[in-house]
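Report on the following structure.
A, B, ... follow the sequence lines: proteins, then strands. Residue 1 opens every chain. Please read all numbers here as calculations on a predicted model, not as lab measurements.
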Number of protein chains: 2
Amino acid sequence: MNLQQFRFLREAARQKFNITAAARALHTSQPGISKAIIELEGELGVPIFARQGKRILGLTPPGQQILLAAEKIMQEVDNLKKLARDYAGAPSGTLRVATTHTQARYVLPPVVQKFARKFPQVRLKLLQGNPPQIAQMLVNGQADVGIATESLAETPGLACIDIYEWTHVAVVPPGHALARLQATPGRLTLKDLARHPLVTYEAHFAGRTRIDAAFAEAGIEPSIVLEAIDADVIKTYVAAGMGVGIIAGVAADPAHEPLIVLPCGHLFGRNVARLAVKQGAYLRGFVYSFIEMLAPGWDKRRIEEAFAP
Amino acid sequence: MNLQQFRFLREAARQKFNITAAARALHTSQPGISKAIIELEGELGVPIFARQGKRILGLTPPGQQILLAAEKIMQEVDNLKKLARDYAGAPSGTLRVATTHTQARYVLPPVVQKFARKFPQVRLKLLQGNPPQIAQMLVNGQADVGIATESLAETPGLACIDIYEWTHVAVVPPGHALARLQATPGRLTLKDLARHPLVTYEAHFAGRTRIDAAFAEAGIEPSIVLEAIDADVIKTYVAAGMGVGIIAGVAADPAHEPLIVLPCGHLFGRNVARLAVKQGAYLRGFVYSFIEMLAPGWDKRRIEEAFAP
DNA sequence: GCCTATTACGGAAACCGTAAATATT
DNA sequence: AATATTTACGGTTTCCGTAATAGGC
């Protein structure tokens with residue numbers, strides 16, 4: 001029994017029991033993985049993979065439990081490596097932040113700049129994806145922290161803290177019919193919006209859930225003419241006159257925006273942007289620092305408490 | 001990095017960083033352990049042992065964390081082995097029960113008999129010790145379940161369930177001055193007892209704590225002339241006229257006892273015998289069966305809930 | 001001087017990659 | 001026929017035990 005076998009087993013499971021794919025992912029040979037797992041089965045005396053001849057269908061019941069144990073072990077090994085690097089020398093390394101466009105474009109820049117100044121030897125990687133992908137990256141250990149409004153709190157195996165609240169805004173070009181509400185945005189209604197073609201986020205993104213829910217509850221079916229991942233694209237099309245945009249408030253600065261910005265908090269409610277890490281993961285010192293910079297008021301002690309199971 | 005290194009590290013820590021002792025315990029060579037740990041340090045890039053020349057003093061700060069991770073990993077490996085054996089074939093194996101004399105002599109016999117009938121292929125080992133030793137055996141993985149009244153609930157890293165309540169009794173030879181209270185045992189007082197030399201358990205055993213506490217609270221200092229680990233010894237000396245015995249109620253059956261038995265629940269309160277396992281340990285099927293036999297009313301589901309963190 | 005940890009060394013075993021064979025769709 | 005898994009094989013590396021050396025107390 002050795003760690004290599006656990007690593008192989010974990011990867012094989014992640015690759016849906018395709019050993020060839022696992023070999024590619026781990027930069028090793030396919031027979032090596034096959035043999036290692038067969039040896040593990042031999043040593044334990046139980047089959048792990050349910051096979052039909054040479055086809056692997058999935059896990060046997062004991063195989064499921066063994067995989068679970070293997071994942072725990074590998075997580076501890078990962079933690080061990082990280083903490084060793086933490087103590088080994090200068091805080092060099094890589095901070096991998098999985099996040100959405102909204103955060104990366106409008107929220108993170110000042111934080112990232114500050115972080116880069118404080119930890120010049122830490123490489124920063126921004127991994128963009130939609131919230132479910134972000135959650136998956138955390139679970140798989142491909143990212144250290146994830147930031148998004150959706151998915152994170154609902155994904156088992158992750159630990160979250162709330163960072164900030166935000167609300168949606170509608171954006172229209174100057175001269176648009178709704179522009180007259182600029183002085184009294186509180187009077188904007190769902191019906192007003194539904195009278196125009198809408199441009200907003202794709203499913204899963206930045207509170208899109210809330211938008212759909214609000215219209216559904218009011219029994220109104222808006223016509224969404226364009227869906228995009230990011231507010232920049234949405235604003236571009238709004239400026240081109242394609243319709244009314246609904247975007248996250250953080251993505252629109254009324255002062256510097258050529259478009260008219262109409263707050264919509266009263267229509268779509270409040271959203272909470274959250275930061276998540278994998279439960280049980282060891283966090284290197286600079287990860288705590290990053291979180292502290294992003295969410296003022298959280299220090300290492302409070303963060304640890306929030307992440308404890 | 002490999003499991004062997006973790007195994008060696010754990011044992012070295014258990015042996016108070018005496019590598020020679022660890023080698024003996026693991027039936028391997030001392031240079032092997034030394035080298036394995038040095039290699040681990042090299043790979044991680046941090047010292048694990050605080051050394052003064054060639055003397056190992058203890059753990060460095062990162063070493064403490066590494067040891068923690070190593071112990072978690074080894075626990076998972078142990079669990080893996082056990083669950084594999086569980087699925088591998090007939091439920092053969094060994095059930096190691098750490099317990100005190102009181103339990104082994106008066107409580108466990110019927111349970112053990114029943115268990116042996118149901119699982120003829122499981123070898124049973126009764127490991128006797130005092131409660132702190134029992135707790136230690138569980139923590140070290142040298143025993144699967146522990147049963148005792150004291151220590152278990154207070155030891156971190158163990159998970160407990162209550163099995164039964166019991167109270168103390170006083171035993172005196174026929175004709176003793178206190179024998180006249182046999183019809184009205186409720187009138188027995190601490191003062192009555194303190195007027196005679198007492199024979200009871202050693203510290204740490206079977207509710208001795210309670211006995212001392214009760215006398216201390218009443219401001220009475222009893223004269224304890226003899227302390228023993230087990231009720232058999234105590235009863236022997238009581239029969240010989242050395243004094244009044246105070247023992248666990250389960251250890252005295254009034255019907256078959258040559259001695260007079262006087263219940264003392266009103267003097268020393270109630271005690272709870274507990275069963276404990278190591279937190280996070282995998283329990284083989286027959287371990288659950290054993291617990292169910294010992295503590296009727298507990299099924300596998302309830303036990304798992306009680307042991308969950 | 002005795003005990004303990006580390007270094008040196010050599011044989012055995014394990015590991016891992018290429019190549020071939022075999023099973024599955 | 002094409003793809004995927006397992007078996008076969010061989011070179012390299014790692015492992016581990018014995019023997020020797022160095023370092024505390």
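- At D/dT6, one or more side-chain N or O atoms of A/Arg51 fall inside 4.0 Å of OP1 or OP2 (strictly under the cut-off).
- Taking atom CD on A/Gln5 and atom P on C/dC16, their separation rounds to 10 Å, with Å as the unit.
- Counting to the nearest Å, the P atom of D/dT3 and the CZ atom of A/Arg55 are 12 Å from each other.
- Rounded to an integer number of Å, the gap from CG of A/Asn2 to P of C/dC16 is 8 Å.
- In this entry the distance linking NE2 of A/His27 with C1' of C/dT18 reads 19 Å, nearest Å.
- Using a 4.0 Å heavy-atom distance criterion, A/Gln4 is classed as a sugar-phosphate-only contact.
- Rounded to an integer number of Å, the gap from A/Leu3 CG to D/dT14 P is 16 Å.
- The shortest side-chain heavy-atom distance between B/Met1 and B/Leu44 falls under the 4.5 Å cut-off.
- Using a 4.0 Å cut-off between charged nitrogen and carboxylate oxygen, B/Asp78 and B/Arg10 count as a salt-bridge pair.
- Summarising the geometry, the separation between CD on A/Glu41 and P on D/dT7 is reported as 11 Å, rounded to the nearest angstrom.
- Contact check, B/Thr28 against D/dC16: no side-chain N or O comes under 4.0 Å of OP1 or OP2.
- Ring centers of A/Phe119 and A/Phe115: under 6.0 Å apart, within the cut-off.
- In this structure, CD of B/Gln30 is placed 13 Å from C1' of D/dA22, rounded to the nearest angstrom.
- Picking from C/dT6, C/dT4, D/dC15 the nucleotide with the shortest atom distance to the side chain of B/Asn18 gives C/dT4.
- Nucleotides of DNA chain C nearest to A/Phe8 and B/Lys54 differ in position, and the one nearer the 5' end is that of B/Lys54.
- If you check the side chains of B/Thr209 and B/Glu150, you find a donor sitting under 3.5 Å from an acceptor.
- Counting any heavy atom pair closer than 4.0 Å across all strands shown, A/Phe49 reaches no nucleic acid atom.
- Within the 4.5 Å cutoff, the side chain of A/Lys72 has no heavy atoms near those of the B/Asn79 side chain.
- Contact of the B/Phe8 side chain with the B/Gln4 side chain is registered, since non-hydrogen atoms from C-beta on lie closer than 4.5 Å.
- Counting non-hydrogen atoms under 4.0 angstrom, A/Phe17 reaches the backbone sugars and phosphates but no base.
- Taking atom NZ of A/Lys35 as the reference point, atom P of D/dA8 lies 11 Å away to the nearest angstrom.
- At least one donor-acceptor pair under 3.5 Å links the side chain of A/Gln75 to the backbone N or O of A/Gln279.
- Between B/Ser29 and D/dT18 there is no side-chain N or O to OP1 or OP2 distance below 4.0 Å.
- Counting any heavy atom pair closer than 4.0 Å across all strands shown, B/Gln52 reaches sugar-phosphate atoms only and no base atom.
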Intra- and interstrand pairs of DNA chain C - dot-bracket, Watson-Crick/G-U under 3.5 Å, | marks other strand: |||||||||||||||||||||||||
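- Proximity of B/Ser34 to the phosphate of C/dT6: a side-chain N or O atom is located under 4.0 Å from OP1 or OP2.
- When side chains are defined from C-beta on, B/Thr149 counts as touching B/Gln103, because their heavy atoms get closer than 4.5 Å.
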